[in-house]
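Step one of this worksheet: look at the structure below.
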Amino acid sequence: MKYLILALLSLNALASDFPDDPLIRLLAIDSDSGIQGPTYSKIVEELKSLEESFSDYAQVVTYGKSVEGRPLSLIKIANKNIISTKAVYIGGSIHGDEYLNIEDRLPRWFLEQTATSGTILSYLNQGGVIYIAPILNPDGYDRRERENRNGVDLNRDYTVIKADVQGFKEAETRSLVEYLSRDLGSIHLEVTMDYHCCIGALLYPWSFTGPVLSSRDEKRHLVVASIMKSSIGPGVKVGTTPVILGYSAKGTSKDFYFEHFGALSFTYEGRRNKENSFFQEHTTMWEEILKNLVTL
Ligand SMILES: [Zn+2]
């Protein structure tokens, strides 16, 4: 019995990002990240209050509507008096039950940094833009479900030519990518990060079995990985989805951002029940990433 419970617990620890195995789905006691958050509407309210308080830098964008009609909102942080040349993108809760309470606190932290003379202000004053979409799947988030209300895993709904996936069939992904493509124009998207749960790992392309990055692209991704390890902790595993998670995922956001925009693109898999206590480490990481972007 003891071993059965241990086996169930270890399966449960893997459940959130092992959706494709029906046995694991069946045995999972709780597929949540274990981290509680406010309703989606409260998170949007917070973004709007930031827009008011930091009007020189913040703009809330409603880029579409979810299947159930919730507004899809992100915050764009930029120095409005400067021509934008480069950008980073941060997304969260594309799997609605993988909320970490990091991605929704980052906007306030980035904006508060504009009052200091540090790295973040320099990045913005050099034409840098920071897009943060804290909850990409609000219907799933409010229900703590992985998929959207059409039952679709949104992180398999990105067009990835190399994987032969024609995506953007769902409102949540399609409207985000339409907005980003339009708004970026010729701005270079440098780094993207989607926050997930619960493996404690940093993943880079490709998400599916077969291709590997060129050694140059892999080295550039590994620079960010080493920054993350030194900020978040040496225990963070680094690699691709097939190597670290043991399965092949086609149509993921990071493969799209890398293939389409040439961004260094990542999935961060937070740690179950406790990633929220590492907020300061995430802010250190972002500071270091922005500081080092010039050399990546
Ligand atoms: Zn996930």
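All of these numbers come straight from a predicted model, not from anything done at the bench. Because only heavy atoms are used, hydrogens play no part in the values below, and waters and symmetry mates are left out as well, while side chains stay in. Just follow the structure's listing: the first ligand is 1, and inside any ligand the first atom is 1.
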Would you please say whether a donor-acceptor pair under 3.5 Å links the side chains of K291 and S122?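 No.
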
State whether a side-chain donor-acceptor pair under 3.5 Å links N137 with S93.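 No, S93 and N137 have no side-chain donor paired with an acceptor closer than 3.5 Å.
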
Please check if the number of heavy atoms outside I161 that lie under 6.0 Å from its CD1 is greater than 12.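 Not more than 12 within 6.0 Å, no.
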
May I ask you to check whether F261 and H188 place their ring centers less than 6.0 Å from one another?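 No - the distance between ring centres of F261 and H188 does not fall below the 6.0 Å cut-off.
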
Atom name of the N, O or S atom in H196 that lies nearest to the Zn ion (ligand 1):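 H196's closest N, O or S atom to the Zn ion (ligand 1) is named ND1.
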
Atom name, H95 (N, O or S, nearest to the Zn ion (ligand 1)):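 In H95, the N, O or S atom with the shortest distance to the Zn ion (ligand 1) is ND1.
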
Would E98 count as a contact for the Zn ion (ligand 1), in the sense that one of its N, O or S atoms lies under 2.8 Å from it?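 Yes - counting backbone and side chain alike, E98 has an N, O or S atom under 2.8 Å.
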
